[in-house]
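Only one structure is covered here, and it is reproduced in the block below.
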Amino acid sequence: MTNKNTINSLPLPPGDFGLPIIGESIEFLRDRNFTKKRQEKYGHVFKTHIFGQPTIVAIGADANNYIFTNENKYFTNNWPKSTRELLGAASLSVQVGTEHQKRRKILSQAFQPRALSSYISTVELNTYKYFERWEKLSNFAWYPEIKNYTLDIACKLLVGTESASQSKLGDLYTTWVNGLFSLAINLPWTTFGKAYQSRKLLLQEIENIIQERINSSNSKEDALGLLIQAEDEDGNRLSVEELKDQLLTLIFAGHETLTSAIASFCLLVAQHPQVLAAIRQEQEELGLNMPITLENLKQMTYLEQVLKETLRLVPPVGGAFRKVIETCEFNGYQIPQGWSLLYQIGYTHQDIDIYPQPKQFNPERFNLTSTEDKTKTFSFIPFGGGIRECIGKEFAKLEIKIFAALLLRNYQWELISQQNLDLVMVPTPRPKDGLKVNFQKIL
Ligand code: HEM
């Protein structure tokens, strides 16, 4: 339907705006079943009012398809003010339109297969370093440890810093992250104000690192080296100013999500011993000393299935917001310009018509003969889709697979009883008590 008058005469999706001003924000933040309840009542598309905006929630593969294929036409990205200001104007996540596409082309050079291959040794070294630490600790909460592990790898690859989680960079980063989704009031004592100050200091640190690298004759083959050299087709490179914002975005986007994914893998595999045995068997069949290369990782097909099922069942990013830039029509409803739109990853992955018994952890859904997730485009979207699909997708898969393969080859772990394994969902899913485990080397 293209006629503007016809679109304007269409009904709005069903739903309730809730209370004046605050709308349904409190229920949205507090009630884990907010979307489920409304989906049952209104269907796959409904309206609500959250974070000061009339918002349409759209669930399922068809909605995802509509949103991803109309990016920049009907929809654009929509971050809260605090996120936009702390990520910075040049950040890939904040950019829109052709600028976004140009920058994406340059940045994607750090995620090509040759680049990924050169990151393997850094991931392996850090993985062994942390495994040795965890073996010594023996009983500990795994989640915060995994968070340090992924931060160390991201910082080593992106800004060349060793053990960043234990450094000044790590402290500044923590204060900065805390402000990303806060009230954007810039005063010295507010969460946002402190985060803004940390951003300045972080950017200064990053600038020193970039300048040092540019001035040295040592052109290391890490992500920083690649991004300093990367050019678009007209030979333009990223300025130092811009590079700082991009590096900060990549550190953040990469590390929080990966922590959640790795922790979910560790939890789900521990709860499903037959899956654990099958991953280990695959490693044994391939050879426990098989070196980690891109080619060899591709051969770990069962591990790949387990990874997909983990990301289906507990996607680190539950959904994302867009802004409607032109009134359009979806499913017979009017989607008005100026409204917010939220696409849903977690609920898409619970579609019973695509994933029978969707609450069950079953890696067989993704075996080579299964058609689940292939029945409809965009029914499996842990990394989003379209022109804003996750730029770090292949790196994320690489890191999780290396972690998982080396873990299963050499170590065993047990969940400590008497802990709360319920998931806290915001900002990314994590077990309430931090995933307490007993960790040992296989002798
Ligand atoms: C975008 C998920 C790892 C960098 C996204 C989006 C999702 C996502 C769903 C799209 C958001 C939207 O539609 O607005 C994940 C998951 C990861 C992961 C589940 C790990 C399991 C990474 C890594 C990096 C990264 C390792 C970088 C090192 C980015 C960036 C964007 C993005 C920069 C914005 C892309 C754009 O707007 O063009 N990610 N991500 N992510 N991701 Fe990831």
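One-based numbering, in listed order, for ligands and for the atoms of each.
At a heavy-atom cutoff of 4.0 Å, ligand 1 is contacted by the side chain of Ala320 but not by its backbone. Under 4.0 Å from ligand 1, not a single heavy atom of Lys393 appears. In His100, the part holding a heavy atom less than 4.0 Å from any atom of ligand 1 is the side chain. Counting heavy atoms under 4.0 Å from ligand 1, residue Cys390 touches it through both backbone and side chain. By the criterion of a heavy-atom distance under 4.0 Å, the side chain of Ile345, and not its backbone, is placed next to ligand 1.
Protein heavy atom at the shortest distance from atom 11 (C) of ligand 1 is Tyr343 OH, 3.9 Å. The protein heavy-atom contact nearest to atom 37 (O) of ligand 1 is Arg388 NE, 2.9 Å. Among all protein heavy atoms, the one lying closest to atom 30 (C) of ligand 1 is Ile391 CG2, 3.8 Å. Closest to atom 34 (C) of ligand 1 among all protein heavy atoms lies Ser93 OG, 3.7 Å. At the shortest separation from atom 23 (C) of ligand 1 among protein heavy atoms lies Gly254 CA, 3.2 Å. The closest protein non-hydrogen atom to atom 4 (C) of ligand 1 is Ala253 CB, 3.4 Å.
For Tyr173 and His255, the ring centers sit closer than 6.0 Å to each other. The aromatic ring centroids of Phe403 and Phe131 lie less than 6.0 Å from each other. The aromatic ring centroids of Tyr411 and Trp134 lie 6.0 Å or more from each other. Checked against the 6.0 Å centroid threshold, Phe380 and Tyr355 do not count as a close aromatic pair.
By the 30° and 60° cut-offs, the orientation of the rings of Phe68 relative to Tyr343 is perpendicular.
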Salt bridge (Lys or Arg N to Asp or Glu O under 4.0 Å) assessment of Glu40 paired with Lys36: CA-CA 6 Å; Glu40 279 162 11; Lys36 187 168 174 257; 3.8 Å; yes
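Looking at Gln350 and Lys359, their side chains do bring a donor and an acceptor atom within 3.5 Å of each other.
The contact set between ligand 1 and Pro316, taken as ligand atoms under 4.0 Å from a residue heavy atom, comprises 19 (C).
Distance check, rounded to the nearest 0.5 Å: CD of Glu27 to OG1 of Thr35 gives 12.0 Å.
Between Arg104 and ligand 1, an N or O atom pair is found at a separation short of 3.5 Å. Taking distance alone, with nitrogen or oxygen atoms compared against 3.5 Å, Arg322 approaches ligand 1 more closely than that limit.
Considering each of Phe395, Phe383, Phe75, the one bringing a non-hydrogen atom nearest atom 15 (C) of ligand 1 is Phe383. Of the candidates Gly319, Pro382, Ser260, the one placing a heavy atom closest to atom 2 (C) of ligand 1 is Pro382. In this structure, of Thr257, Leu398, Leu92, the residue bringing a heavy atom nearest to atom 18 (C) of ligand 1 is Thr257.
Among the candidates Lys168, Lys244, Arg199, Lys200, the single residue satisfying the salt bridge (Lys or Arg N to Asp or Glu O under 4.0 Å) test with Glu205 is Lys168. Partner of Trp339 under the ring pair (Phe, Tyr, Trp, His ring centres under 6.0 Å) criterion, chosen from Phe17, Phe51, Phe75, Phe330: Phe17.
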